[in-house]
Number of protein chains: 2
Amino acid sequence: MIVAMSRYDPSAFPPFAVTVDLVVLTVREHALCALLVRRGEPPYQGYWALPGGFVRPDEGLAEAASRELAEETGLRAPSAPGHDAAGPGAAGAHLEQLATYGHPQRDPRMRVVSVAYLVLAPDLPTPRAGGDASGARWAPVTELLGPDRADGVPLAFDHGLILADGVERARSKIEYSSLATAFCATEFTVGELRRVYEAVWGVVLDPRNFHRKVTGTPGFLLPSGGTTTRQGGRPAQLFTSGGANVLNPPMLRPES
Amino acid sequence: MIVAMSRYDPSAFPPFAVTVDLVVLTVREHALCALLVRRGEPPYQGYWALPGGFVRPDEGLAEAASRELAEETGLRAPSAPGHDAAGPGAAGAHLEQLATYGHPQRDPRMRVVSVAYLVLAPDLPTPRAGGDASGARWAPVTELLGPDRADGVPLAFDHGLILADGVERARSKIEYSSLATAFCATEFTVGELRRVYEAVWGVVLDPRNFHRKVTGTPGFLLPSGGTTTRQGGRPAQLFTSGGANVLNPPMLRPES
DNA sequence: GATCATAGTCGTCTCTCTGACGATAAGCAC
DNA sequence: GTGCTTATCGTCAGAGAGACGACTATGATC
């Protein structure tokens, strides 16, 4: 392909590389964690980075994100705008576009525009390294963000910024949607859902008020009929996500 | 530039064109309006489209959006994440990234990924046609969206979809931020701000409850000291935007 | 089996905020 | 002045949230 740049010729254009990067979040051991892969090649060889890759010439952006997600984790994720064809309570991760990053020097090799996607997934087995990554892990986001970062080595490229944006999106979106259920298994208890909120927001919530709120919000939870004692204590009712897209009034994050 | 495609060679990549498209919204005559330009060249010659253009090789995405905005409207817009350097109440439009659109066939000429930006501006003079556009106008969004579209001709490319996403973003964002003030002049009255909400949401709000809400929310409005009678009736206090980024509790959109 | 620890669930009280609406204030047109 | 407009203040009932007491039903431990 021959490429030329002329101000007024609309058939000419400067070429860009387009990639997708994934902010894959899950809740494990009461902490919000992000999926990282270790880069096996320069630039940033040996650094931890968000999973991602080039968009192919014949695929859409969400399609590329979904493909990369499957390659890295084996997760099947319907894209966000289309409703989950499997209906309420179906397993599988939530995927939505986050933002696009295109600083001219964000990749030293060439001009790269990266479309970031946010994935919210239930707890998964330890990831396998895939493709061009020499390792993969779940990292608590508290160790990756902020000035009190435990791991002194930053992420590759601008992935620290992308991760921060993704975490902020997740934190605000579970306020006014039922998206927190995407962090849970198909069936879950009110207490498990509460622990998701507590992990994502980093707060403690009153179990009684939380129970009243989520069970009193129409469309948020559907009773599945069963009970479980897997958390110990008194048996708890099992629910599936009611699929309500928008909660009104929203869940309130304490002291924000 | 020679381009090749190889699965595992990270220095090779399929080339994309990257553009920015602008959803410029304003409120005029009690209606939410979007800026459209008429395309002077194929494809979609003669169709109305969102303003926009190619990103240059050496500029960032927000920079390109800001440049296109200035070229089309003369507006100077600071990008959203950085706070307005001119301080609270400064004129100038609000600009933020909206979403990125990259369906493989969205442009018949080539593979184009478009990063859409949302601009909220106070009422502006009738726009001039600029660059490759043969005309420009403000169109009420009610005439452009939905099945009851008055103008039977759709917008070029996927710009109808982009516009719908931008309008939805604006409608939801003024709920929990002070962004509605971006539609007003530097100094404005409570009534003028209420008419912004009414136009964007397409509802009527109770003037007394609205007044109590906005004047009672800390950081939303700053009294500027003056008064005006430009809306008729009793003189109204003038305010500037207090710059509060997030309103808690939010403004409530009726019956949503 | 009795006791304890754990987690779930229901209720109550108070306070804040909202929606509905009455009442008053202060300009302009005539 | 009267009438019309818009702005602003007040009042009241109801919904919802935060704080917290009380009770329930399981497994663990003695």
Side-chain angles (χ1 to χ4, degrees), chain A residues 29-30 174-176 184-185 187-199 201 203-240 244 246-256, chain B residues 29-30 174-176 184 187-199 201 203-239 244 246-256:
Chain A
E29 296 163 14
H30 218 276
I174 65 173
E175 280 189 275
Y176 56 89
C184 296
E187 287 192 323
F188 54 89
T189 70
V190 172
E192 288 164 353
L193 184 62
R194 175 170 47 83
R195 275 171 221 110
V196 165
Y197 276 91
E198 291 179 336
W201 285 345
V203 298
V204 282
L205 299 172
D206 184 280
R208 298 156 291 189
N209 292 337
F210 184 86
H211 188 277
R212 178 183 60 192
K213 173 67 178 175
V214 297
T215 57
T217 300
F220 197 169
L221 299 181
L222 290 176
S224 75
T227 62
T228 182
T229 62
R230 62 186 173 219
Q231 299 289 341
R234 170 176 164 178
Q237 265 192 282
L238 285 170
F239 294 88
T240 59
V246 51
L247 304 182
N248 201 347
M251 300 288 304
L252 287 184
R253 197 173 353 178
E255 60 175 311
S256 66
Chain B
E29 296 163 14
H30 217 277
I174 65 173
E175 279 189 276
Y176 55 89
C184 297
E187 287 191 323
F188 53 90
T189 69
V190 173
E192 289 164 353
L193 184 62
R194 176 170 48 83
R195 276 169 219 111
V196 165
Y197 276 92
E198 290 179 335
W201 285 344
V203 298
V204 284
L205 299 173
D206 184 281
R208 296 156 292 185
N209 292 336
F210 184 86
H211 187 278
R212 177 183 60 191
K213 172 69 177 173
V214 297
T215 57
T217 299
F220 196 170
L221 299 181
L222 291 176
S224 75
T227 61
T228 182
T229 60
R230 62 186 172 218
Q231 298 291 340
R234 169 176 165 179
Q237 265 193 284
L238 285 169
F239 294 89
V246 52
L247 304 182
N248 201 348
M251 301 287 305
L252 288 184
R253 194 171 359 175
E255 62 174 311
S256 64

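Sequence lines set the chain letters: A, B, ... in the order given, protein chains first and strands last, and positions in each chain run from 1. Just so you know, these numbers use all the heavy atoms, side chains as well, and skip hydrogens, waters and symmetry mates.
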Worksheet item: How does protein reach along nucleotides 22-27 of chain D, written 5' to 3' as B (base within reach of a heavy atom under 4.0 Å), S (only sugar-phosphate), or - (no contact)?
Response: --BBB-
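Spacing between atom CG of B:Leu193 and atom P of D:dA7 amounts to 11 Å, rounded to whole angstrom units. If you measure from atom CG of B:Asp206 to atom P of C:dC17, you get 18 Å, rounded to the nearest angstrom. Summarising the geometry, the separation between CG on A:Leu221 and C1' on C:dG8 is reported as 14 Å, rounded to the nearest angstrom. Residue A:Gln231 contributes atom CD, which lies 12 Å from atom P of C:dT9 at whole-angstrom precision. In this structure, B:Leu205 places its CG atom 15 Å from P of C:dC21, rounding to the nearest Å. One interatomic measurement links the two molecules: CG of B:Asn248 to C1' of D:dA17, which rounds to 12 Å at whole-angstrom precision. In this structure, B:Leu252 atom CG and D:dG16 atom P are separated by 11 Å, rounded to whole Å. The nearest whole Å value for the distance from the CE atom in B:Met251 to the P atom in C:dC17 is 14 Å.
In plain terms, the two heavy atoms of B:Trp201 and B:Leu252 that are nearest each other are CZ3-O, 3.8 Å. The two residues A:Met251 and A:Val214 have their closest heavy-atom pair at SD-CG1, 4.1 Å. Considering every non-hydrogen atom in both A:Tyr197 and A:Ile174, the closest pair reads OH-O, 3.0 Å.
Atom CZ of A:Arg194 sits about 7.5 Å away from atom CG of A:Leu205, to the nearest 0.5 Å.
At least one donor-acceptor pair closer than 3.5 Å links the side chain of B:Thr189 to the backbone N or O of B:Glu192.
The only member of A:Val190, A:Thr240, A:Leu238 that meets side-chain contact (heavy atoms from CB on, under 4.5 Å) when paired with A:Leu221 is A:Val190.
Within 4.0 Å (heavy atoms only), B:Arg230 reaches no atom of the nucleic acid at all.
Residues A:Phe239 and A:Phe188 keep their aromatic ring centres 6.0 Å or farther apart.
For C:dG19, the OP1/OP2 oxygens have no side-chain nitrogen or oxygen of B:Arg253 closer than 4.0 Å. For the OP1/OP2 pair of C:dG8 and a distance below 4.0 Å, the side-chain nitrogens and oxygens of A:His211 include no atom meeting the criterion. Contact between the side-chain N/O atoms of A:Lys213 and the OP1/OP2 oxygens of D:dA17 is found at a separation under 4.0 Å.
The side chain of A:Pro207 lies closest to C:dT9 when the candidates are D:dT6, C:dG19, C:dT9.
For A:Glu187 and A:Ser224, the side-chain atoms include at least one donor-acceptor pair closer than 3.5 Å.
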N/O to N/O distances under 3.5 Å, protein versus nucleotides 12-16 of chain C:
unit_1 : atom_1 : unit_2   : atom_2 : d
C:dT12 : O4     : A:Arg212 : NH1    : 3.3

Worksheet entry | Check against side chain to side chain contact (heavy atoms under 4.5 Å, CB included), A:Gln231 and A:Arg195 | CA-CA 11 Å; A:Gln231 299 289 341; A:Arg195 275 171 221 110; 3.4 Å; yes
